[in-house]
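Reading through the structure tokens given below for one structure.
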Amino acid sequence: MRTHVVDHPLVAHKLTVLRDQHTDSPTFRRLADELVTLLAYEATREVRVEPDDIVTPVAPMTGTKLASPKPLVVPILRAGLGMLDGMMRLLPTAEVGFLGMVRNEETLEAATYAERLPDDLSGRQCYVLDPMLATGGTLAAAIRFLTDRGADHITCVCLLAAPEGCDNLERALEGLEVPVTVVTAAMDERLNEKGYIVPGLGDAGDRLYGVAG
Ligand SMILES: O=P(O)(O)OC[C@H]1O[C@H](OP(=O)(O)OP(=O)(O)O)[C@H](O)[C@@H]1O
Ligand SMILES: O=c1cc[nH]c(=O)[nH]1
Ligand SMILES: [Mg+2]
């Protein structure tokens, strides 16, 4: 597994405002959207392309276009939904699949409550959107879902990651042949006793959409 922390002053600035406890939901949603578009630029560095013969007003040339099959973008509900528009801005022709996952806040185990993905993902590049890589349990389960169906290239786009979660994820993926990259805006210090990222930003889903029951 490769981890890429995007080091850019605009990312750092927007992330700081996002983290602030006084930032309200509308501002949080807008900043998450803007941050994802910046991260998406880095995350799509290895998107598959093929040659494209075109004619400009001056001369013929061979350019570049996205290869088929198109990439699949997979937001992890709920909080990953707040990253979808920002990602699709850079990959407007991508397809979208959905995974609904929730972490049990007592055991910290991830459970899947919804799934709407193509049955066959053979040869597909997948971009998984989840703002928080905390213990790594949610992303590990999501990646297994996709690779079990044939996905052969996975990039996870996160706003924040914890070192413990990255280690856990790396262990969970041992033996997997498929390349996995995590692109994140920051690697935070640690997890607290409740499995929250420190300093983090709190519960991403609640800050985007309100407190879940
Ligand atoms: O790395 P982990 O320890 O598995 O935790 C990370 C997960 O926790 C949060 O989701 P949550 O379960 O709060 O669901 P929500 O998006 O509906 O709020 C977050 O959005 C991640 O999906
Ligand atoms: O810090 C955390 C950890 C898990 N899920 C969140 O939303 N925030
Ligand atoms: Mg939540």
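As a basis for the values below, the full set of heavy atoms in this structure was taken, side chains included, without hydrogen atoms, waters or symmetry mates. Every number for a ligand or one of its atoms is a count from 1 in the order of the listing.
Panel note: side chain T184, backbone M187; no donor-acceptor pair is recorded below 3.5 Å. Under a 3.5 Å cut-off, the side chain of S122 and the backbone N or O of G150 do not form any donor-acceptor pair. Between the side chain of Y127 and the backbone N or O of A94, no donor-acceptor pair lies under 3.5 Å. Judged by distance alone, with hydrogens and angles left aside, the side-chain atoms of R78 form no donor-acceptor pair with the main-chain N or O of G100 at under 3.5 Å. Side chain of R116 to backbone of G97: no donor-acceptor contact under 3.5 angstrom is found. The backbone N or O of F98 lies less than 3.5 Å from no partner atom in the side chain of E115, so there is not a single donor-acceptor pair. When atom types are taken as modelled, the side chain of R124 and the backbone of K70 share a donor-acceptor pair closer than 3.5 angstrom. No donor-acceptor pair closer than 3.5 Å links the side chain of T112 to the backbone N or O of M101. T62 contributes no side-chain N or O that, together with a main-chain N or O of P51, makes up a donor-acceptor pair within less than 3.5 Å. Side chain of D188 to backbone of G200: a donor-acceptor contact under 3.5 angstrom is found.
Here is the list of ligand 1 atoms found below 4.0 Å of a heavy atom in G205: 18 (O). Distances below 4.0 Å separate heavy atoms of D130 from the following atoms of ligand 1: 19 (C), 20 (O), 21 (C), 22 (O). Shown in contact with V102 at under 4.0 Å from a heavy atom are these atoms of ligand 1, numbered in order with element: 12 (O). Against a heavy-atom cut-off of under 4.0 Å, D203 is close to the following atoms of ligand 1: 13 (O), 18 (O).
In terms of protein heavy atoms, atom 7 (C) of ligand 1 is closest to T138 OG1, 3.6 Å. Here the protein heavy atom with the shortest distance to atom 14 (O) of ligand 1 is M101 O, 3.9 Å. Taking atom 5 (O) of ligand 1 as the reference point, the nearest protein heavy-atom neighbour is R103 CD, 3.4 Å. The protein non-hydrogen atom at the shortest distance from atom 18 (O) of ligand 1 is R78 NH2, 3.0 Å. Nearest to atom 6 (C) of ligand 1 among the protein's heavy atoms is M132 O, 3.3 Å.
Salt bridge annotation for E50-R48: absent, with no cationic side-chain nitrogen under 4.0 angstrom from a carboxylate oxygen. Contact check on K194 versus D203 returns no salt bridge, with no Lys/Arg side-chain nitrogen under 4.0 Å from an Asp/Glu carboxylate oxygen. The pair R2-E46 meets the salt-bridge criterion, with a side-chain N (NZ, NE, NH1 or NH2) lying under 4.0 Å from an Asp/Glu carboxylate O.
Of all protein N/O/S atoms, those lying under 2.8 Å from the Mg ion (ligand 3) come to 2.
Within a 4.0 Å radius of atom 9 (C) of ligand 1, the protein contributes no heavy atom. Atom 2 (P) of ligand 1 lies below 4.0 Å from at least one non-hydrogen atom of the protein.
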Atom pairs and distances, side-chain donor-acceptor, residues 133-140, under 3.5 Å, sequence neighbours left out:
unit_1, atom_1, unit_2, atom_2, d
T135, OG1, G137, N, 3.2

Solution key, residues 9-16 side-chain donor-acceptor pairs under 3.5 Å, sequence neighbours excluded:
unit_1, atom_1, unit_2, atom_2, d
K14, NZ, E34, OE1, 2.6
T16, OG1, A12, O, 2.7

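Residues lining ligand 2 at a heavy-atom distance below 4.0 Å are given as R103, M132, A134, G195, Y196, I197, G202, D203, A204, ordered by chain and residue number.
Residue A79 places at least one N or O, backbone or side chain, under 3.5 Å from an N or O of ligand 1. Backbone and side-chain nitrogen or oxygen atoms of Y113 are examined, and none is located within less than 3.5 angstrom of a nitrogen or oxygen of ligand 1. For a threshold of 3.5 Å applied to N or O pairs, the pair formed by A134 and ligand 1 contains at least one separation below that value. Distances between N or O atoms of G136 and those of ligand 1 include at least one value under 3.5 Å.
Checking T44, L39, D33 one by one against M87, the side-chain contact (heavy atoms from CB on, under 4.5 Å) holds for a single residue, T44.
Within 6.0 Å of CG in D7 there are 12 or fewer heavy atoms belonging to other residues, nucleotides or ligands.
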